[in-house]
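These numbers come from the heavy atoms of this one structure, side chains and all, not from hydrogens, waters or symmetry mates.
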Amino acid sequence: MKPSIPKGTRDFSPDEMVRRNFILQTIRNVYERYGFRQIETPAMENLSMLEGKYGEEGDKLLFRILNSGDVTNEIKEKRDSIKTSDLSEKGLRYDLTVPFARYVVMHRNEITFPFRRYQMQPVWRADRPQKGRYREFYQCDADVIGSDSLLNEAELVQIIADVFSALNIGVSIKINNRKILAGIAEILGQADKIIDITVAIDKLDKIGAEKVNEELRSKGVSDDAVQKMQPLFSVKGNTSGKLAFLDTFLEKSDIGKKGIEEVRTLLNYLDTLKFQTALLDLDITLARGLNYYTGAIFEVKVNDTRSTFTSSVLGGGRYDDLTGIFGLPDVSGVGISFGIDRIYDVMLEMDLFDKLNLNKPSTKVLLVNFGSKEEHYALTVLQKLRAADIKAEIYPDAAKMKKQMAYADAYKIPYVLLIGDEEMQSGKLTLKNMTSGEQSKHEVEELMNMLHE
RNA sequence: GUGAAUGUAGCUCAGCUGGUUAGAGCAUCAGAUUGUGGUUCUGAGGGUCGUGGGUUCGAGCCCCAUCUUUCACCCCA
């Protein structure tokens with residue numbers, strides 16, 4: 001049998017784990033500094049919790065878990081009356097936000113709102129893998145639920161900046177507001193086509209105005225509306241310029257004006273915080289994000305000369321009624337989600353890990369195994385070293401010295417301790433420094449001091 | 001889901017218009033060196049050429065299917 005793993009999944013070896021943990025730990029530190037508390041939810045959810053939450057496309061990408069028991073037989077027996085739920089009623093989670101909404105509703109009586117939670121767990125999507133896209137990947141979410149305040153948005157933006165600055169990655173934080181997009185659709189008299197419109201204009205940088213217009217028409221947006229939309233495509237300049245344009249463009253849309261106001265409020269907060277505005281980009285074509293977003297939308301792209309990465313490394317936004325579908329209405333939340341697998345790829349491309357000096361050896365000293373008599377003596381030394389908090393291990397077999405030394409070398413263990421006949425009699429153990437090759441003899445107490453620093 | 005490329009030893013790759021027993025470097029293991037790693041030297045192991053069919057006297061090479069990986073679209077972290 002040839003070993004294999006499912007498409008789009010990966011093994012992580014020790015060196016990769018050191019790096020992944022560094023990213024995870026960096027994000028965790030920032031989240032906790034801002035007062036977020038960690039939760040975890042199950043890898044699988046009941047399908048009814050997942051279906052219909054991510055749009056048509058999302059439903060297709062859900063991994064469904066086959067029911068246990070003799071499903072094939074069930075199909076044969078039921079034939080025409082077979083239902084999907086007879087085959088599968090559980091699925092792997094697609095993101096962390098929907099399970100969080102479910103969590104909040106189920107635990108509403110234990111939670112004091114507003115609730116700041118973070119969560120770092122894998123999610124699964126049955127997408128076709130490609131660059132920066134995996135079928136199993138980690139999301140690191142922070143959400144504040146139970147508060148309408150735009151202060152939360154401001155803090156999340158701060159978090160994003162803190163994390164990428166700690167990771168030494170140059171980024172551009174794109175913000176927009178779903179209400180502005182809704183206002184645009186309203187002004188165009190195409191409120192029902194808001195999804196098609198936003199999906200199309202999101203592609204502006206990528207495919208250009210001409211192709212966007214083409215797509216809009218193919219989705220049934222009227223020529224008149226497409227015509228009216230053109231000024232949007234040529235808006236340039238700084239944030240206040242863009243907002244001034246929107247003031248006029250959306251003058252007759254209440255929801256649009258609300259969106260503009262929200263953006264202004266958020267920017268005001270960030271101004272007070274002396275936020276580095278260079279990182280921020282109000283992008284009125286930014287539409288990405290799931291269907292459930294209702295206010296702010298965030299997306300982060302790498303903006304660093306050392307990287308060629310173009311896909312987003314973070315997404316997020318405000319959702320006013322995600323808990324409503326689970327029976328708890330009028331609870332608003334806002335959150336962000338780091339994609340650490342993509343961040344890993346970016347950091348690898350920029351050689352950032354090498355500079356971090358992360359691959360510290362885990363073991364400080366290896367005790368050579370000379371045989372059963374010496375083993376017992378070595379074991380007591382080993383115990384003393386470990387009690388003194390010195391990372392130590394003994395080679396488990398009385399293998400040839402060459403082999404044991406090669407082992408220490410391979411794992412970059414800086415010291416080797418030799419305890420043979422001579423050492424046992426004198427009580428002075430031979431310590432070899434693997435970097436310099438020098439050897440010296442010391443009593444156990446002395447060794448503990450030497451190796452401790 | 002749509003379109004394209006790819007697959008030869010653990011890794012990176014050679015392999016001629018189809019022609020004996022498929023090679024190299026690195027890595028691994030063993031020995032040179034029975035209490036000393038990283039350098040050096042010597043040797044060894046490791047392949048149903050992704051898998052299954054087909055064409056042919058003969059297939060790593062040609063054809064079909066399928067899977068993997070990669071890239072683009074769709075969508076997304």
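A sub-4.0 Å separation between OP1 or OP2 of A30(B) and a side-chain N or O of Lys403(A) is present. The phosphate of C73(B) has OP1 or OP2 within less than 4.0 Å of a side-chain N or O from Lys206(A).
The residue Gly8(A) sits close only to the backbone: its heavy atoms come under 4.0 Å of sugar-phosphate atoms, none of a base. Note on Lys60(A): nothing from the nucleic acid sits closer than 4.0 angstrom, heavy atoms only. As judged by a 4.0 angstrom heavy-atom cut-off over every strand, Gly437(A) is placed among the base-contacting residues. Within the nucleic acid shown, Leu418(A) comes within 4.0 Å of at least one base atom, counting heavy atoms only. Contacts of Gly420(A) with the nucleic acid, taken as non-hydrogen atoms under 4.0 Å apart, include base atoms. In this structure, Gln404(A) reaches neither bases nor backbone, as no heavy-atom distance under 4.0 Å exists between it and the strands shown.
In this entry U48(B) has no Watson-Crick or G-U wobble partner, no candidate having both defining distances under 3.5 Å. Both distances falling under 3.5 Å, in either a Watson-Crick or a G-U wobble arrangement, place C57(B) opposite G19(B). In this structure, U33(B) forms no base pair with any nucleotide, since neither Watson-Crick nor G-U wobble geometry is met with both distances under 3.5 Å. A 3.5 Å limit on both hydrogen-bonding distances identifies U70(B) as the Watson-Crick or G-U partner of A4(B).
Here A77(B) is the nucleotide among G37(B), U68(B), A77(B) with the atom lying nearest to any side-chain atom of Phe137(A). When each of G37(B), U36(B), C75(B) is scored by its nearest atom to the side-chain atoms of Lys402(A), the top-ranked nucleotide is G37(B). Minimum atom distance to the side chain of Lys203(A) is reached by C75(B), of the listed G35(B), C75(B), G37(B). Distances were taken from every side-chain heavy atom of Pro129(A) (C-beta onward) to each of A77(B), C73(B), U70(B); the shortest belongs to U70(B). Residue Lys131(A) has its side chain nearest to C71(B) when only G38(B), C71(B), A77(B) are considered. Each of G35(B), U69(B), U36(B) was ranked by its minimum atom distance to the side chain of Gln439(A); first place goes to U36(B). Out of C75(B), U68(B), G37(B), the shortest distance to the side chain of Ala406(A) is found at G37(B). For Glu423(A), whose side chain is taken as the heavy atoms from C-beta onward, the closest listed nucleotide among G37(B), G35(B), C75(B) is G35(B).
Between Tyr94(A) and Phe63(A), the ring centre distance reaches or exceeds 6.0 Å.
In this structure, Met405(A) places its CE atom 14 Å from P of U39(B), rounding to the nearest Å. Nucleotide C29(B) holds its P atom 14 Å from the CG atom of Asp397(A), rounded to whole Å. Per the geometry, CD belonging to Glu57(A) stands 11 Å off C1' belonging to C73(B), to the nearest Å.
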Inset, instruction - Take Arg306(A) and Ile169(A) through the side-chain contact (heavy atoms from CB on, under 4.5 Å) test and state the conclusion after the steps. - result: CA-CA 9 Å; Arg306(A) 297 166 295 178; Ile169(A) 301 172; 5.7 Å; no
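The salt bridge (charged side-chain N to carboxylate O under 4.0 Å, His left out) test with Arg19(A) singles out one residue from Asp351(A), Asp354(A), Asp345(A), and that residue is Asp354(A).
One finds no salt bridge joining Lys441(A) and Glu446(A) here, because no Lys/Arg side-chain nitrogen approaches an Asp/Glu carboxylate oxygen to under 4.0 Å.
Counting distance only, with no hydrogens placed and no angle test, the side-chain atoms of Arg125(A) and the base atoms of C75(B) include no donor-acceptor pair under 3.5 Å.
Mapping Arg342(A) and Arg128(A) onto RNA chain B by nearest heavy atom places Arg128(A) closer to the 5' end of the strand. Mapped onto RNA chain B by nearest heavy atom, Met401(A) and Gln130(A) fall at different nucleotides, with Met401(A) at the one closer to the 5' end.
Considering all non-hydrogen atoms of both residues, Leu418(A) and Glu423(A) come closest at O-CG, 3.4 Å.
Side-chain contact between Glu153(A) and Tyr269(A) is absent, with no heavy atoms from C-beta onward closer than 4.5 Å.
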